[in-house]
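Take a look at the structure set out below.
Here the structure is a predicted model, which is why all the values come from computation and not from measurement.
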Amino acid sequence: MIDTDSALKTNEDARALANALFGHSSFLSSIARRRPRLAADFLKGEPDAHFEAILADLKAERPEGEKTPDLMAFLRESKSAAAFLTAAADVAGWWSLEQVTAALSRFADAALEISLAHLLHARMKVGELAWPNGNVQPVSPKLAQNCGYFILGMGKLGAFELNYSSDIDLIALYDAERVHYTGNKTLKQCFIRLTQELMQIMETRTMHGYVFRTDLRLRPDPGATPVALSVEAAETYYHSMAVNWERSAMIKARVVAGDQTSGNAYLETMARWIWRRNMDFAALNDIAAIKNQINRHYGQTQSAFRGYNVKLGYGGIREIEFFTQINQLLHAGRHPALRLRGTLDALDMLAMDQIVDGKIHKTLSNGYRFLRTLEHRIQMMNDEQTHDIPDDDNRFDCLVSFMGYPDEASFKAAVMEHTKAISTIYDALLPEDDTVRSDGYSEGDLPATLERLGFDDPENSAAVIEGWRRGRHRALRTERAKRLLEQILPGLLDAFSGTENAGSALTRFDRFISQLPAGVQLFSLLQSNPTLFQLLARVMGLAPALAEALGKKPDLWDAVLEPGFYAPLESEEELREKLEELLDSAHDYQDILDIVRRFVAEHRFRIGVQLLESLASVRESGEAQTRLADITLKALTKRVEEEFAAKHGRFEDGGISIVAMGKYGGGELTHTSDLDVVFLYHVPDMDSMSDGDKPLMPSQYFSRLGQHIITAITALTPEGRLYEVDTRLRPSGSQGPLVVTLKTFADYYTGAAWAWEHMALTRARVILAPDSMRQPLIDTIISVLTAPRDADELLRAVNDMRGKLFDQFGTANPWAIKHTRGGLVDMEFICQYLMLREGNRAKEIFHPQLDESISRLAASGALTKEQADRLHGGHEYMQQVQSLLRLCLGGSPSADEAIPRALRTTLCRATGASSFNDLKAELIRRQSDIYSLFQTMIEEPANALPATDQG
C-alpha cells in the first residue's frame, strides 16, 4: 500500500486519481512510494501553483560551491516531481494536451538553463570566460545572458510539444564574436567540452534516475562535426550543403538555453533560408520523397492494431506533423503568419488562411490530440520512450483501461477512426512514389533486416541509411546517386554484416561518403564490381585510418581494380619507371606535385590493404613503404632542382644530398611515419656563385633549395600532403642551418655531437647524393661511427639519454610499442650502444636496419645467440603489433578498450596468438625480456660506474 492513502482519506477525488495513476503506472507508483507527501499534495489539485514552484526552484540561485553530482541529484528529484505532477494533471483533466506538453517543455528549458549556468560559472570562476558585465555572480540562468553560447531546442522541445518520456533534440552553437574567452585552449574546445558535460548532466543515469535523454544529431552534418559549432560554420553549412528535410527540421527551432540575444539573431538569419518565396521542383520532390518514406513506415498497414506505432504508423502523429510542415514550407514564404513552431497552432493558421479546409483542420487537430494523449498513456506506464500499442495482454488491457475505454473493441474503433481519416488526408497531399522497396530494405522493414544481418543497433543504423536516402550528404544529392545506392545497398549491408561490428563499419562508411564531393562515380564502381564490397567492409570495419584516406581520396578505389593490386610492390627500378612515365605527362610544376601525391597515395593504400589482409608481412610492408618514399624523394628532388635552377642556375660538380634517419633510414616505415632526413651539400669552390639569372652563394642557394624540397613534400595541394618531414636530427638540431656542408657535418659529428646523435647516426642511409659526394659522405659516417670511444662515458651517456627519453615519453601502456619499457626504443638503444662500443674493432657490424644489425652484432660476439634471438623475436612481434595499430587506428591505443574486436582478431591472426589476452600477455612478456636485457647490458652497469666529478 502506498503511504499516500492516509493523507487522502478525506479527499475522494484525490483517492480516485491515485487509483487511476497507481493502477496503471508502476513508474508513478514508485515515485509515490519514495515521496508520499509530495504525491499526496499533487493529487489534491492546484497543478499550476505546484508546477510554478518547481520551476521557481530551478530558476533560483544555486548554493555556492555546489558540486555537479549534487546538482544532478537535485535535477533528477525535480524531474520526478514534474513527471508526477504532469501525469496527474493530464489524467485528471486539469490540463489540456497543450498545457501538458508545454509544462514538460518548460521544465526541460529550465533544467538546461540551470545546468548550463553551473558549467559556465565553473569556467568563469577559473577565468576562462568573462563574468556578465564584469561582475562575479552566483549560479543562476542570468550567467548566460551575454555568453555567446546557446542551445536550440528542435522538434517537439522547440515547439513546446515535448512527450512524456521524450528525448530532447538539441543543437549547440556559439557566436565567437560575442565570447570573451581567456582560457588556455581554443574557444571551440571550450564549448565542445561544455556541451559534452551538459549532456552528461542531463542523461547520465544515477540512483536518482535521469533528467532527459539528449540527441545532438540534428546539428549540421553530425557525422563530421563536433557537438558544438560556431554560428558561422552552421550558416555556411545550411546555405551551401543542407537539404530540404533540414529546412523542415528548422521550422521548430527555438532558443531553449543560453544567450537569447545571440540565439535569436541566429534564428532571424536562418529564417531567410527556411522560408522561401518560391519552391523549386527539386525541393518539391524532396518533400514528396520524405512523405513516401514515412508512408512506408515499419511495414504496417491500415489494419494494424496491436503493435501499432502511434508516432510513425499509418495515419499516425508523424503524418500530421509532415502534412503541417510541408504546407508551411510550401506557403509560409508568402504567408508569414504560418511561420509557427507548434503543430496545432500551424494547423489553426492554415485553416484561417484557407490553405486547408475546416474539415481537414478539425480531423487532423482532433486526431493529433487523441494520438498524443494515447502516446502519453503508453509512455506513462513505465516511463519508456515507446510509441507502440502493447502486444502483451496484460499491458494492453492496462492501456485500454488507462485510456478510459470499457473494452478492446471500443478502443480499437477509436484508434482506427482517427488513423484512417488522417491517412486519407495525408495520402492525398503529394503523389506516391512508384519505386516502393519490397525487398526488406524499405524504411519499415529495414530495422528488422539489419537485426537479422547482425547489426548491434539496428534502429540507429536504419536512421543512418534513411539519412542517405534523404540526401543528407552532398554525395547523395542527385537522384542518380540515390538510385545507385539503392542498387548496391543489399550487397553493401551483407558485406558489413560479415565484419565483427557491422554498425561501426556502417557508421564509418557514413563518415566516408559524407566527405565525397559526389557519389555517382563511387556507387557506379561498386555496382559494376561487387567483389569490392568485402574489401570495403574490411576497411570500414577494421581500419579507420585507411577509411579516412579513402574519404579524402575516393578515387583510390580505382587502384584496387589494377591487375597487380594484390601483388608485392614492384622493385625500386620498376616503381621509378612508372612514376617517371607519369611525370613526363605533367603540364607544369603544380601538376608534378599532384601526380606524385596521387602515385604515393595509391601505393600506400595498396601496401596498407596488403598488410591488413595479411598478404604482406610487417617487414615486407616496411620495406615497401621505404622503397616508395625513396623513389618519390629522388624523383621530386630532381624536379624541384630543375624548377629552382631555372631561376638561380646550378653549381658545377656541386649538388644536394639527402640522408635518411630513424625508421626511414632503417627501412621500417609504417603507415603514419614521418620522414626523418638530413640535407647536405658540396661545391668545389665555396666562394663561387650559381650560374643562373639570379645567382646565389652556396649556403644561400642550398638552404633555399632544401626548403623548396621540404615544401614540395609537405605542401597541402588539392591531392593532399605527401609526407610529414622531420629535420631535427641535422647537426645542431633545429637551431642549426637546414642544409650543411660535408665538412660541417664531419666536424660536428667528430667534435661537437652528443653520444645520442652518434646513436642516431647508426641508422643513417644515403638516399641520394652527387657522384662526387656519395662515397665521401658514406666514409664520413663510417669514420664517425667507428672512432675510438671511452666505454664508461658511452655507457653513462646512453643510460642518461634513455632516462631522459623515458621521463618525457615513457609510459606503462604496453600498446605504446615505441616508448614503453622493453619497447622499440630500449631495443634500439641496446643495438646502437653495442655498435658504438664495438665499432672500432668490428666495422662490419653497422647496418641501419635493426634486424640486420642484431645479426651482425651476434656474428661479432657482441650478443650471444640467446640474446640475439630474444631481440629478433621481440622486434618482429612488436613491429607486427605496432604496424597494424598504426595502420588501423593511426597511433597507439591508450587502453585495451580502444582496440576494436575486429582489430583484436586481426592482431591475433598476425601474431599467431590464440586469444587477445594471450596476445597481450605475450607482448608484455617480450617487453619484459627486452627490458631485462637493457638492464643487464646498460642500466645496471651504468649505475655501477663511479660517480663523475661534478666540480
Would you call [X] and [Y] a salt bridge, using N to O less than 4.0 angstrom?
X: Lys634; Y: Glu572; answer: yes
X: Glu852; Y: Arg856; answer: yes
X: Glu580; Y: Arg639; answer: yes
X: Arg598; Y: Glu719; answer: yes
X: Arg802; Y: Asp826; answer: yes
X: Asp630; Y: Arg576; answer: no
X: Glu828; Y: Arg763; answer: yes
X: Asp676; Y: Lys663; answer: no
X: Glu581; Y: Lys578; answer: no
X: Glu757; Y: Arg728; answer: no

From [X] atom [atom1] to [Y] atom [atom2], the distance as rounded to the nearest 0.5 Å:
X: Tyr877; Y: Ile817; atom1: OH; atom2: CD1; answer: 9.5 Å
X: Gln879; Y: Leu884; atom1: CD; atom2: CG; answer: 11.0 Å
X: Asp851; Y: Met827; atom1: CG; atom2: CE; answer: 9.0 Å
X: Ile631; Y: Thr626; atom1: CD1; atom2: OG1; answer: 12.5 Å
X: Phe702; Y: His648; atom1: CZ; atom2: NE2; answer: 12.5 Å
X: Thr711; Y: Leu593; atom1: OG1; atom2: CG; answer: 10.0 Å

Report summary line: Between Leu777 and Ser657 the two heavy atoms that sit nearest each other are CD2-CB, 4.2 Å
Report task. Kindly give the heavy-atom pair with the smallest separation between Arg774 and Leu768, and that separation in Å. Result -> NH2-CA, 3.6 Å
Query raised in the report: Given the rule in the side chain to side chain donor-acceptor pair (under 3.5 Å) test, do Thr714 and Arg721 qualify, once you have shown the distances and angles that lead to the verdict?
Result: CA-CA 5 Å; Thr714 60; Arg721 272 192 186 85; 5.7 Å; no
Query raised in the report: Can Arg704 be said to sit on top of Phe644's aromatic six-ring, NZ or CZ under 6.0 Å from centre and within 45° of the ring axis?
Result: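 That pair does not qualify as a cation-pi contact.
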In terms of heavy-atom contacts, does [atom1] of [X] have more than 12 from other residues, nucleotides or ligands at under 6.0 Å?
X: Glu641; atom1: CD; result: yes
X: Glu232; atom1: CD; result: no
X: Glu573; atom1: CD; result: yes

Query raised in the report: Is there a side-chain contact between Val659 and Val677 (heavy atoms, below 4.5 Å)?
Result: no
Report task. For the residue pair Phe599 and Leu583, establish whether any side-chain heavy-atom pair is separated by less than 4.5 Å. Result -> no
Query raised in the report: Would you call the rings of Phe934 and Tyr931 parallel, tilted or perpendicular if under 30° counts as parallel and over 60° as perpendicular?
Result: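 Correct class here is parallel.
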**Report entry** Centroid separation Tyr701 to Tyr681 less than 6.0 Å
**Finding:**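 When the ring centroids of Tyr701 and Tyr681 are compared, they turn out to be at least 6.0 Å apart.
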Requested in this report: For Arg765 and Tyr664, indicate whether the former's side chain and the latter's backbone hold a donor-acceptor pair under 3.5 Å.
Outcome: yes
With no hydrogens and no angle check, do the side chains of [X] and [Y] hold a donor and an acceptor under 3.5 Å apart?
X: Thr786; Y: Asn840; result: no
X: Thr727; Y: Arg730; result: yes
X: Gln849; Y: Arg619; result: yes

Query raised in the report: So Thr741 and Thr744, side chain to side chain donor-acceptor pair (under 3.5 Å) or not? Walk me through it.
Result: CA-CA 5 Å; Thr741 64; Thr744 300; 2.8 Å; yes
